[in-house]
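To start, the structure itself, in structure tokens.
What you are looking at is a predicted structure, and each value in this text was computed from that prediction instead of being measured.
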Amino acid sequence: MTEPSTLPSGPIEETKAVRVADYIAKAVEGLGTDSFFMLSGGMMMHLMDAFGRTKMRYYCNHHEQACAMAADAYARQTGKLGVCLATSGPGATNLLTGLVGAYQDSVPVIFLTGQCKRKETVRWRGIEGLRQCGFLEVDIVPIVKSVTKYAAFVDQPADIRYHLEKAIHLATSGRPGPVLLDLPLDVQGAPVNPEEMRPYVPESTAPASDFSPDALQRVMEAVRRAERPLVLAGHGIRCAGLAEEFCRLIERWQVPVATTFMAKDLVPDAHPLFVGHPGPRGNRGANFAVQSADVILIMGCSLHLQTVGYEGDLFAPKALKIQIDLDRALLQRDSTGAQWKLAWDLHEYLPALARDVTPYSGLGWQAACRSWKRSYSSRNEPHVLGEPGDLVNLYEFVDQLSDALSGDETILTDAGQPHPILAQAFRQKAGQRYLNPGSLAEMGWALPASLGAAVAAPHKQVVSVFGDGSLQPNIQELQTLAHHRFNIKTFVINNGGYASIRNTQKNFFQGFFVGSTPGSGVTFPDLRKICEAYGLPYVRCENRGVLPQRLREVLDAKGPVICEVMAQVDQRILPAVPSYLLPDGSMRSKALHEMAPAVATGPGHAGSAPPI
């Protein structure tokens, strides 16, 4: 019999009746979450009052999307449950993009939405075809069902314990993810007796993991017998809270390791076993290692397109690919032809691996991986830098930023050119966190996420890098930054529009621009004036000659600073796996090791081509 899932008690142990909103607030506080994010609204008045009376700190954003993204980053930074409050109707629907991002990136966040009184809701009335009943009302639960681990309309006050315990259990167990409880106003304010409420008892189902020690021995034997083994590690390792254990495993095992962009901060760049990040816009050396390996152990990695490329059949074609993931749907989705697919829980197999592995002694393979990483580092790619007075090349900016940071920062970015360029060129140090919206890659994520990261770790300096286009979707959060004066250094890359879209239009549509340049409809406000309006310090990096000075000026300042970096308009992503249009309108991409621009390789060359 599975034991009931119980929430931390405290004041809610008293037998006297308590308000539903207070029951929720005290229970969430008891989990260890010390902060939450919200945008005030009338239909969440009891929730606001109850949460406001706890010792948890609250932060008021200016858009619910920003609340969701801040809670997402808070959860990533702390490993705790993120908490987000929103009101009904448009407040709830505004959460959607941030909620989807948390779902796809496996981030545990609980969303608590206020709702109209029960009798004023479509769901309560049960009239088929009824579009709306109350004012500022929408039935949010069916909208978010497909992008949450659990979503429920709480229509009976006495059921709150069951729904809350179930939501928290599902958000934080297995593959983590967001949950949502929709709480009518008259349910929030209703009195309940905690002792009389039913608990949530986790369903008795077949084990999610089919881990077995014998199968693990076969995995270890396959790696032991390999000539060119490689570990491909993903974000799931940190989601499981096993980042330190993983690093100890690698130290003992001595097998080269590559990581996904989402797991960029899992292993320091300078680690001798780290080969980089594979992918169509990844590191050339890491792609050589992946394509050369004869056994690849895939741990906590979804084998996303940004890791394996757009042609799954061309990914590591000669390797035995062993994919281990608790999410069976991901195992079924695999397009790379992984030969062994194991639905195992990291908490079961990683400690067992760490106990039993035999150190790998293939010095030649280790040396080859180090050589590829060194010879084909981002610094060695043919980036056009120009004269000191020329606009900044983003690769040079990221290279100098890597050197300028001390090693205890949280670095964030989001969609646009900074996303792949930081992933390729930023050299992460031990102790740094690197956060990005991995799967959804939504514009506007980095600014509110920076706020969440700053709330989560106030002792750390937060460094956020994103394009002028990504500033606009959540530009209102500059006021939240100004209000709290967080130690966030924001670098806004000014490249005259949407550089990634421009490059696509150059490559595939003969340079016919639509919605990507000032001449084709996209303009941005004067950032200096914007900073003046918000009362935020502004620094302008006008060319590459002053880049070192501006970086030092910004990073040494106290409190928030906005730095506008005047970047090359025609910035190229180097290297990248090329794609091309076929006559039927479809697209085809080359294999990961065939990145452009092509490189000179051959026997004896420091970066000789992989033996595929």
Side-chain angles (χ1 to χ4, degrees), residues 104 232 258 260-262 276-292 301-319 321 333-337 372 376 378 381-384 394-395 413-425 436-443 467 469 495 497-517 520 568-601 609-610 612:
Q104 294 189 355
L232 176 56
T260 65
F261 289 167
M262 283 286 290
H277 315 292
R281 292 185 173 183
N283 301 123
R284 197 189 295 266
N287 283 347
F288 276 12
V290 163
Q291 298 295 84
S292 302
C301 168
S302 69
L303 294 181
H304 191 277
L305 294 174
Q306 293 303 310
T307 300
V308 304
Y310 296 101
E311 313 297 337
D313 59 314
L314 300 181
F315 175 75
K318 300 294 180 65
K321 296 178 281 288
R333 189 208 68 189
D334 168 54
S335 61
T336 68
W372 287 328
Y376 297 113
S378 177
E381 296 291 342
H383 305 299
V384 177
L394 291 189
Y395 283 96
T413 188
D414 64 26
Q417 284 198 332
H419 191 276
I421 290 177
L422 263 79
Q424 284 182 324
N436 69 93
S439 181
L440 201 59
E442 57 266 41
M443 288 176 61
N495 50 25
Y498 299 148
S500 294
I501 302 299
R502 279 201 309 268
N503 283 344
T504 297
Q505 291 168 341
K506 288 178 184 177
N507 294 335
F508 298 107
F509 302 103
Q510 296 78 48
F512 182 73
F513 297 131
V514 179
S516 61
T517 64
S520 64
Q568 293 178 1
V569 174
D570 57 352
Q571 176 77 58
R572 293 181 62 199
I573 307 295
L574 298 176
V577 172
S579 299
Y580 47 92
L581 281 171
L582 297 176
D584 64 359
S586 62
M587 296 186 70
R588 182 75 177 170
S589 299
K590 292 194 173 184
L592 291 183
H593 62 282
E594 298 178 293
M595 303 184 86
V599 294
T601 59
I612 62 171

Report summary line: Here the gap from R572 atom CZ to N503 atom CG, rounded to the nearest 0.5 Å, amounts to 8.5 Å

Query raised in the report: Hey, is the main chain of D570 close enough, under 3.5 Å, to the side chain of N495 for a donor-acceptor pair?
Result: no

Query raised in the report: When you measure from the side chain of R333 to the backbone N and O of S302, does any donor-acceptor pair fall under 3.5 Å?
Result: yes

Report task. With sequence neighbours excluded, tell me which residues meet side-chain contact (heavy atoms from CB on, under 4.5 Å) with Q424. Result -> R281, N283, Y395, I573, P575

Report summary line: When rounded to the nearest 0.5 Å, the distance separating CG of D313 from OG1 of T336 is 10.0 Å

Query raised in the report: Under 4.5 Å between any side-chain heavy atoms of T260 and H304, yes or no?
Result: no

Requested in this report: Evaluate whether atom OH of Y580 has more than 12 neighbouring non-hydrogen atoms of other residues, nucleotides or ligands under 6.0 angstrom away.
Outcome: yes

If you look only at distance, which donor and acceptor atoms sit under 3.5 Å apart when one is on a side chain in residues 582-592 and the other is two or more places apart or in another chain?
from : atom 1 : to   : atom 2 : distance (Å)
D584 : OD1    : S586 : N      : 3.0
D584 : OD1    : S586 : OG     : 2.6
D584 : OD2    : S586 : OG     : 3.4
R588 : NH1    : E311 : OE1    : 2.6
S589 : OG     : S579 : OG     : 2.6

Requested in this report: Kindly indicate whether the side chain of L303, heavy atoms from C-beta on, has any atom under 4.5 Å from the side chain of K321.
Outcome: no

Report task. Answer yes or no: is there a donor N or O on one side and an acceptor on the other, between the side chain of H383 and the main chain of S378, under 3.5 Å? Result -> yes

Query raised in the report: Does any N or O in the side chain of E442 come within less than 3.5 Å of the main-chain N or O of P437, such that one atom is a donor and the other an acceptor?
Result: no

Requested in this report: State, to 0.1 Å, how close I501 and S516 come at their nearest heavy-atom pair, and which atoms those are.
Outcome: CG2-CB, 3.8 Å

**Report entry** Q505 side, atom CD; F512 side, atom CZ - distance, nearest 0.5 Å
**Finding:** 8.5 Å

Report summary line: Between G276 and A286, the two heavy atoms sitting closest are C-CB, 3.5 Å

Requested in this report: Could you walk me through whether R502 and V569 pass side-chain contact (heavy atoms from CB on, under 4.5 Å), step by step?
Outcome: CA-CA 9 Å; R502 279 201 309 268; V569 174; 3.4 Å; yes

Query - Shortest non-hydrogen contact between F261 and G282, atoms and distance - result: CZ-CA, 3.8 Å

Report task. Take N436 and M262 through the test side-chain contact (heavy atoms from CB on, under 4.5 Å) and record every step on the way to the result. Result -> CA-CA 7 Å; N436 69 93; M262 283 286 290; 3.9 Å; yes

Query raised in the report: How about T413 and I421: do any of their side-chain heavy atoms sit closer than 4.5 Å?
Result: no

Report summary line: Between G337 and D334, the two heavy atoms sitting closest are N-OD2, 3.3 Å

Query raised in the report: Distance-only, no hydrogens or angles: does the Q571 side chain make a donor-acceptor pair with backbone N or O of A499 under 3.5 Å?
Result: no

Requested in this report: Could you tell me whether the side chain of M595 reaches within less than 4.5 Å of the side chain of Y376, counting heavy atoms only?
Outcome: no

Query raised in the report: Has the side chain of Q291 got a donor or acceptor atom that lies under 3.5 Å from a matching backbone atom of A316?
Result: yes

Query - Over all atoms of both residues, closest heavy-atom pair of P382 and L574 - result: O-CD1, 3.6 Å

Report task. Write down the atom of Q104, the atom of L440, and the distance for their closest heavy-atom approach. Result -> OE1-N, 3.6 Å

